[in-house]
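Here is the structure we will look at, set down as structure tokens.
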Amino acid sequence: MRLIIMALMGASFALFGSLASARAATPINPQADMKAFQGYFLKRFPKVPLAAYVNGPYNFSKSEADQWKQIMEFPPYQFALDTGKSVFNTKFPNGKDYASCFPNGGVGIAQNYPMFDPKTGRVVTLGIAINRCRVANGLKKLKLTTGPMADILAYMTSTSDGKPINVVVPNNPKALAAYRAGKEYFYSRRGQLNFSCASCHVQEAGMHLRGNVLAPALGMTAAFPLYRSKWGNMGTLVRRFIGCNKKVHSVPAKPDSAAYRDLAYFLTYMNNGLPVSGPGARP
Amino acid sequence: MRKTAMMAVAAIMFAPLMAQAGGPSKANSAKAIASAAARIKIAAGMNDQWLATLAAFKAANAAQAKGDFALAQSKAMTAATLANLSIQQASAQKKLWVNEVIK
């Protein structure tokens, strides 16, 4: 019986697939996508100004917003921020430091990530750039989801506080392909529950799901890394991707996978112009 | 005695089914596991693996290790079916995703 239902589901995926196959491939135009993306939310929620989207769920739940104001009197990410700052300023055993790996000594640059690296033809998130810096200086990579990586990201992000997000998709075939792959990932349904990121964060944005407010996709990357009460510690954007993949009963990708790099590239590009507001805090 | 007789009857009754699925033997369940693994690899390559697929696959391998070849085979077949569904889902989405794009 279960198998029959599963087979029927399979047949329906295939049927809808063939119905839509007549659609022509659309050209890649990140700038136009971003205008449409931001315009969609501004029109749908006219009371929420563009910059406020960085506050995610707090625009849609008074009780969460009230709780947040209280929490922010003693920001729960403060410890991570302080630790991150001291780690960032500690020299590596070889005498160099993180600052030596980044433009402007790593200060005030978070708004430019994820960044396309023409040398490797891949997208580099700030976390991956930090790991590259470590490897170049003889150190091991850090876990990309939480812990010391989240601390360093918290500090580096704080030095960009309020700067407009400024992700660039250069006119390079590999950069455009990465952007497009991220866009496809975001809008593709996956997992046994057959949801896309957009199912929850576009179609159902602002609605409640089991006590949580579904944050609109606009602004969604701006407050990372963040302290989440449910986690009881800090987490990066990748950690969030992993959690949301599991929600739809899908096996998460690897934290440094092309899938997640490209997804972060697309999603953050959609936030261009919004202020960096990490580290953040969420219920 | 009655038990063995019943088992013999059952064996005769189910023999054709077992033969069709390639009855439970170490070799057949290993074959089912290998074919599930191949489907799982394809699903992973399409960024669409289901948690239930890997859970069934893990159970198949555990049963195989314990010598429960019937269970191993059935779990492997479930894993392969689920992997096939996610492959179909991912293939369909290659065309469908554009319908969800904000324009």
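Naming: A, B, ... by sequence-line order, numbering from 1 per chain. None of the values given here were measured: they were computed from a predicted structure.
Taking CD1 from I102(B) and CD from Q203(A), the interatomic distance works out to 8.0 Å, rounded to the nearest 0.5 Å. A distance of 5.0 Å separates CD in E184(A) from NZ in K94(B), rounded to the nearest 0.5 Å. Taken to the nearest 0.5 Å, the CG atom of L85(B) stands 8.5 Å off from the CD atom of Q192(A).
With a 4.5 Å cut-off on side-chain heavy atoms, N194(A) and Q89(B) count as touching.
With a 4.5 Å cut-off on non-hydrogen atoms, S199(A) touches chain B through its backbone and its side chain both. Neither the backbone nor the side chain of F186(A) comes within less than 4.5 Å of any heavy atom in chain B. Heavy atoms closer than 4.5 Å to chain B are found in the side chain of F41(A), but not in its backbone. In this structure, the portion of S196(A) lying under 4.5 Å from any heavy atom of chain B is its side chain and not its backbone.
Taking A264(A) as the reference, P114(A), T125(A), L237(A), F241(A) meet the side chain to side chain contact (heavy atoms under 4.5 Å, CB included) condition, with sequence neighbours excluded.
Chain B forms more heavy-atom pairs under 4.5 Å with one residue of K35(A), H249(A), R189(A) than with any other, namely R189(A).
S250(A) approaches D48(B) most closely through the heavy-atom pair OG-OD1, 4.5 Å. Across all their heavy atoms, W97(B) and S188(A) have their closest contact at CB-OG, 3.5 Å.
In terms of modelled atom types and a separation under 3.5 Å, the side chain of R190(A) and the main chain of N47(B) share a donor-acceptor contact.
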| query | Checking side chain to side chain contact (heavy atoms under 4.5 Å, CB included) for the pair V101(B)/K183(A): CA distance, chi angles, key distance, verdict? | reply | CA-CA 9 Å; V101(B) 172; K183(A) 181 178 169 185; 3.8 Å; yes
